[in-house]
Amino acid sequence: MYREIEKYLSEWKESKHRKPLILRGARQVGKTYSVDKFAQENFSDYLKINIEQEQELHSIFKSRKPEVILNELSLIYNFTFREGKCLLFIDEIQSCPEAIVSLGYFYKQNPDLHIIAAGSLLDHTLNEMSYSMPVGRVEFAYMYPMNFFEFLIANNKQGYVDYIKKYQIGKEISDALHKNISEYLRTYFFIGGMPEAVNYYVTENDLSGIEKYHANLISSIEYDFSKYGTRKEQEYLRDILRYTANNIGKKVKYTHVNRHAQSKHLKEAFLKLEMSRIIHLVRHTKSSEIPLKQLENQDVFKPVFMDIGVLNHIAGIKLIGLNELVTAFEGSIAEQFAIQEIISSGPPYQEQKLNYWLREAKNSNAEINCLLQIKNQVIPLEIKAGKTGSLKSLHVFLAEKNKKTGIRLNMDTPTWGKDLKAKVNLKKKTEFSYNLISLPLYFAGQIQALKTERIF
């Protein structure tokens, strides 16, 4: 299956400034598969070692001399390292901090050797390393579950992807085409983007085995909790896993997670799941200008899950029909999808950390699902599950922050409204005009790449 990371790996291979590359991503998002495929298509020689499974190899990386490491690996695997011709892949590198440190020495002493490392719990190791991290001597890339475009390509719908990517604001989309793409979107909601689930659906054209895969994946995630701390800490992680699945897009209230646990322990558990990339935390900011992080509140956040298919499984949502969502949960599903798409749509070398805006005031509460940076402008994004819905919060934000344009994602065909009128309940402003770009939900991953020169 095609993954967008492949293009980035090809660019990395040819770069004159290449450094050893560390792939970061959650369990089973396809890191190993993508490297294997990349190696087969681009190198005549390929050595892959899994140093979690082959723990006897840890002793090799205690050496700080790359020539010693390569010589011993050559003898063990009967492999010849030819710089520029071969790829060394160190999988599950988080199990051996010495191997992470060694990457910096390879960069200085063997710059022509292509090295990729990966690990599903890598962030925990990087955060707790007692060794000196090879800062500036390695580079990172981030992988996520398959996004909707990759899902379409896997289903032989490359044409849909090309059409969406070429779309220009103001152009109409026919009801027939919109309906067809939306059917694939609803299928994606329940299959999700975990590669094994997508591959099963594509090859078997069957939904029945997806639930079993998701159940097994959740079991393996919970099994990993044993690596995170005490039995009580593992209990908190399980609480948060289920809380997140049932409270997508809602500001976290610790008493709703576990009223018997101290908030500091629950916050720590949230951060551990974020480091594991099982959940993403969208943090509150008071800022409406660049940089958004300048007024970010690290203690106020709402969680989203790593994958919409796994989310629906944990929440107990069944795929009853492609034209129906569970009404009480459809807003959460829409927000999960949009945030997941936006996170995965950024450049692979840069981790996407999103923000939202919240106004808690008497008689005028408002919340914007997500604030987007498009070029050097901050644009509010409202996410709706249906074709209609109130834009009260969007109006409040635009009026209060003196912004002109907002974006709405919903299940309708696109529209572009100019100089629309709205009323708000603010002291200094009660009526104003604004522009609204309204796009189908399946455009979520393409928003920041839209051609908007005449709009912003």
Ring-ring centroid check Y167 F443, cutoff 6.0 Å:
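Between Y167 and F443, the centre distance is under 6.0 Å.
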So, do Y142 and Y349 have ring centers that fall under 6.0 Å from each other?
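Distance test on ring centres: not under 6.0 Å, no.
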Salt bridge flag under 4.0 Å for residues [X] and [Y]:
X: K179; Y: E183; value: yes
X: E235; Y: K232; value: yes
X: E222; Y: R238; value: no
X: K48; Y: D91; value: no
X: K251; Y: E360; value: yes
X: E382; Y: K384; value: yes

Hey, are [Y] and [X] close enough side-chain-wise for a donor-acceptor pair under 3.5 Å?
X: Q158; Y: D162; answer: yes
X: N369; Y: E335; answer: yes
X: N258; Y: Y243; answer: no
X: Y33; Y: E196; answer: no

Would H395 and Y434 count as a ring-ring contact (aromatic ring centres under 6.0 Å, His included) here? Give the steps.
CA-CA 8 Å; H395 294 159; Y434 70 104; 4.9 Å; yes
Would you say the side-chain atoms of [X] pair up with the backbone N or O of [Y], donor to acceptor, closer than 3.5 Å?
X: S120; Y: R27; value: no
X: S34; Y: G30; value: yes
X: S95; Y: I51; value: yes
X: E233; Y: T230; value: yes
X: N410; Y: A385; value: no
X: S276; Y: I278; value: no
X: S344; Y: E341; value: yes
X: N155; Y: V202; value: no
X: N42; Y: F38; value: yes
X: E6; Y: R3; value: yes

Give a yes or no on this: more than 12 heavy atoms of other residues, nucleotides or ligands lie within 6.0 Å of atom NZ of K401.
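Yes, the 6.0 Å shell around NZ holds more than 12 heavy atoms from other groups.
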In terms of the angle between their ring planes, are Y144 and H280 parallel, tilted or perpendicular, with boundaries placed at 30° and 60°?
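If you compare the ring of Y144 with that of H280, the planes turn out tilted.
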Look at the rings of Y442 and H178 and say which category their plane angle falls in: under 30° parallel, 30 to 60° tilted, over 60° perpendicular.
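Rings of Y442 and H178: tilted, 30 to 60°.
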Quiz item: cation-pi between [X] and [Y], 6.0 Å / 45°:
X: K302; Y: Y356; answer: yes
X: R137; Y: Y107; answer: no
X: K267; Y: F270; answer: no

Could you state the interatomic distance from CG (L88) to CD1 (I49), rounded to the nearest 0.5 Å?
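Between L88 CG and I49 CD1, I get 5.5 Å after rounding to 0.5 Å.
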To the closest 0.5 Å, what do you measure between OH (Y236) and CZ (R231)?
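Between atom OH of Y236 and atom CZ of R231 there are 14.0 Å.
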Selection residues 278-296 - residue pairs positive for salt bridge (Lys or Arg N to Asp or Glu O under 4.0 Å), sequence neighbours left out
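As it turns out, the salt bridge (Lys or Arg N to Asp or Glu O under 4.0 Å) pairs with a partner in residues 278-296, which skip direct neighbours, are E274-R283, E289-K403, K293-E296.
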Does the side chain of L281 come within less than 4.5 Å of L354's, by heavy atoms?
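No; the side chains remain at least 4.5 Å from each other.
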